[in-house]
Undergrad: 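My questions all concern the structure below.
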Amino acid sequence: MPTGTPDVLLRTEGRAGFITLNRPRAINALTHAMVLAVDNALTAWEHDPAVTTVVIEGAGERGLCAGGDIRAIHDDARAGGSASEAFWRDEYRLNARIARYPKPYVALMDGIVMGGGVGVSAHGSVRVVTERSRVAMPETGIGFVPDVGGTYLLGRAPGELGTHLALTGGHVGAADALLTGLADHVVPSTALPALVRDLIRLPADEAVARHAVAPAPGVLAEQREWIDACYRVETVETIVERLFDTGVPAAKEAATTLLAKSPTALKATLATLRRSRALTTLEEVLDLEFRVSCAALTTPDLVEGIRAQVVDKDRDPHWTPPTLPEVTDEDVARFFTPPPGGDLGLASALPPA
């Protein structure tokens with residue numbers, strides 16, 4: 001039997017193994033120890049014939065997981081440490097493992113699911129959202145770039161919807177999570193206890209089918225025309241220009257949102273998305289994102305963004321450089337160089353096709 005921790009509760013009941021992320025006051029933000037505990041549970045249950053389904057859920061009422069512990073990343077970056085790089089190595093390996101897990105991996109994506117929360121859910125084989133779900137990769141707002149395979153998922157969303165979400169950091173509800181490929185099924189939040197009871201006794205697909213409903217209408221399908229037209233271009237500056245020029249209020253709002261984000265993070269994000277689309281496997285994209293994340297750790301914007309949003313909470317970051325034209329091609333290129341500690345190497349470890 002796997003051994004849990006206070007922050008990751010584990011139990012088996014009937015045919016299912018349950019992973020409960022248990023930091024409700026922090027909306028279950030992931031620490032390194034939590035990542036390792038989840039991975040250990042997957043190892044044990046993969047070879048346990050009594051466990052035929054794995055379920056991940058979040059404690060409390062606010063959400064599955066708000067992301068990684070960015071306060072710890074902030075402190076590590078300020079100190080010039082290596083803890084964040086070590087965390088990402090294990091976190092990204094876990095993301096890849098979830099995607100290839102041989103048993104049904106059911107993610108209950110109720111409430112807030114952001115950043116690292118997407119990584120432990122949206123790569124699963126059975127992804128359930130509710131009317132309360134708010135799914136996002138909000139990294140550009142803290143001077144970071146979508147990671148945990150986020151550029152793999154968003155890069156494969158229809159048209160340029162993923163580019164829009166990655167750059168603005170906007171969240172989506174149930175219908176748009178299905179549209180963009182971040183989820184598979186919608187179950188009312190009030191039906192989650194009944195779904196859990198059925199997962200204990202039934203195959204995962206059968207259990208979910210008993211409770212799945214059609215989602216309420218989303219917003220992205222109606223916005224697809226201007227999103228595709230504005231975001232298909234090659235530079236962030238041109239994206240912003242097109243958004244302002246559309247005459248569509250929502251597009252102008254998106255442009256204003258972009259201008260409040262880290263200019264360096266925006267350009268690095270667009271470059272990462274474009275590169276990830278040319279790659280075949282999640283492992284290749286995670287290898288790419290690892291380089292990008294390690295580079296971001298050395299930039300002033302990551303520390304400043306977390307300070308403004310989470311530490312001091314003044315919501316007034318001062319980006320370096322402060323404008324898009326001041327971010328050079330060389331500034332972006334450095335995000336794709338191997339980190340001092342070496343590459344992640346997930347793709348090279350894959351068996352031959």
Side-chain angles (χ1 to χ4, degrees), residues 8 19 21 28-43 46 54 56 64-70 72-73 76-77 81-101 105 107 113-125 127 136-140 142 144-156 162 166 182 265 268-269 271-273 275-298 302 335-351:
V8 178
I19 300 168
L21 306 180
N28 304 313
L30 294 171
T31 65
H32 197 166
M34 292 169 71
V35 165
L36 295 176
V38 173
D39 188 65
N40 288 337
L42 294 183
T43 296
E46 181 175 347
V54 173
I56 188 165
L64 171 66
C65 175
D69 187 346
I70 58 175
I73 293 172
D76 185 50
S82 59
S84 298
E85 180 178 331
F87 168 62
W88 289 326
R89 282 187 185 275
D90 287 327
E91 184 183 26
Y92 299 175
R93 287 174 179 141
L94 175 63
N95 302 146
R97 181 177 198 177
I98 289 168
R100 293 184 182 269
Y101 201 63
Y105 180 98
V113 185
M114 296 184 179
V118 173
V120 296
S121 60
H123 298 301
S125 55
R127 304 164 302 171
M137 298 297 297
E139 285 78 5
T140 56
I142 58 167
F144 196 43
V145 176
D147 65 334
V148 298
T151 64
Y152 178 86
L153 295 163
L154 295 178
R156 285 151 180 79
L182 297 172
T269 294
T272 305
L273 273 169
R275 291 188 183 211
S276 74
R277 282 179 173 173
L279 300 175
T280 303
T281 66
L282 172 61
E283 285 80 3
E284 290 173 301
V285 174
L286 286 166
D287 284 343
L288 175 69
E289 290 178 351
F290 183 72
R291 288 187 174 190
V292 174
S293 296
C294 290
L297 195 66
T298 67
L302 180 59
F335 281 84
F336 302 100
T337 58
D343 279 323
L344 183 59
L346 281 174
S348 62
L350 288 174

Undergrad: Of all the heavy-atom pairs spanning R100 and E283, show the shortest one and how long it is.
TA: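 Looks like NE-OE2, 2.6 Å.
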Undergrad: Please confirm whether the backbone N or O of G149 pairs with a side-chain atom of N95, one donor and one acceptor, at under 3.5 Å?
TA: no
Undergrad: Please tell me if the side chains of V145 and T140 come closer than 4.5 Å, counting only heavy atoms from C-beta onward.
TA: no
Undergrad: Supply the atom-to-atom distance I73 CD1 to L297 CG, rounded to the nearest 0.5 angstrom.
TA: 8.0 Å
Undergrad: Between H32 and F87, how do the two ring planes meet: parallel, tilted or perpendicular, split at 30° and 60°?
TA: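 The rings of H32 and F87 stand perpendicular, inter-plane angle above 60°.
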Undergrad: Mind checking whether L94 and L42 have side chains closer than 4.5 Å, heavy atoms only?
TA: yes
Undergrad: Quick one: does F336's side chain get under 4.5 Å of V292's, heavy atoms only?
TA: yes
Undergrad: Can you give me the closest heavy-atom contact between M137 and G150, atom names plus distance?
TA: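 Looking at all heavy atoms of both residues, the closest pair is CE-CA, 4.0 Å.
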Undergrad: How long is the straight-line distance from CG of L30 back to CG of L21, given to the nearest 0.5 Å?
TA: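 Those atoms lie 6.0 Å apart.
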Undergrad: Could you tell me whether a side-chain N or O of D69 sits under 3.5 Å from a main-chain N or O of T31, the two making a donor and an acceptor?
TA: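 The answer is no, because no donor-acceptor pair under 3.5 Å joins these two groups.
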Undergrad: Counting only N and O atoms by type, is there a donor-acceptor contact under 3.5 Å from the side chain of E85 to the main-chain atoms of S82?
TA: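 The answer is no, because no donor-acceptor pair under 3.5 Å joins these two groups.
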Undergrad: Start with the C-alpha gap between V38 and V120, add the side-chain angles, then the distance that decides, and say whether side-chain contact (heavy atoms from CB on, under 4.5 Å) holds.
TA: CA-CA 9 Å; V38 173; V120 296; 5.7 Å; no
Undergrad: With a 4.5 Å cut-off on side-chain heavy atoms, are N28 and L64 touching?
TA: no
Undergrad: Is any NZ, NE, NH1 or NH2 atom of the basic residue among R97 and D39 found under 4.0 Å from an Asp or Glu carboxylate oxygen of the other?
TA: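 Yes, R97 and D39 are salt-bridged.
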Undergrad: If you take all heavy atoms of S293 and Y92, which pair is closest and at what distance?
TA: OG-OH, 2.8 Å
Undergrad: Has E289 got a side-chain atom pairing as donor or acceptor with V148's backbone, closer than 3.5 angstrom?
TA: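 Answer holds: yes.
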Undergrad: Consider only side-chain N and O atoms of T281 and E284, and report whether a donor and an acceptor are under 3.5 Å apart.
TA: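 Judged by distance alone, the side chains do pair up.
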Undergrad: Mind checking the CG-CZ spacing from L346 to R93? Nearest 0.5 Å is all I need.
TA: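 Here the rounded value is 6.5 Å.
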Undergrad: Minimum heavy-atom separation for P339 and R291, please, with both atom names.
TA: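 Heavy atoms of P339 and R291 come nearest at CD-CG, 3.9 Å.
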Undergrad: If you look at every heavy atom in W88 and C294, which pair is closest and at what distance?
TA: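 That would be CZ3-N, 4.0 Å.
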Undergrad: Mind checking the CG-CZ spacing from L154 to R156? Nearest 0.5 Å is all I need.
TA: 10.5 Å
Undergrad: Could you tell me which non-hydrogen atom of L302 sits nearest to which non-hydrogen atom of A296, and how far apart they are?
TA: CB-O, 3.6 Å
Undergrad: Measuring from Y152:OH to L288:CG, what's the distance to the nearest 0.5 Å?
TA: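 Output value for this atom pair is 13.5 Å.
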Undergrad: When you measure from the side chain of S276 to the backbone N and O of T151, does any donor-acceptor pair fall under 3.5 Å?
TA: yes
Undergrad: Please tell me if the side chains of S121 and R127 come closer than 4.5 Å, counting only heavy atoms from C-beta onward.
TA: no
Undergrad: Any side-chain heavy atom of V285 sitting closer than 4.5 Å to one from T272?
TA: no
Undergrad: Where the side chain of R89 meets the backbone of F290, is there a donor-acceptor pair that is under 3.5 Å apart?
TA: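 Absent.
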Undergrad: If we only count heavy atoms from C-beta on, is the S125 to Y105 side-chain gap below 4.5 Å?
TA: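 Touching, per the 4.5 Å side-chain cut-off.
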Undergrad: Is the closest side-chain heavy-atom distance between D287 and D343 below 4.5 Å?
TA: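 No, every pair of side-chain atoms sits at 4.5 Å or beyond.
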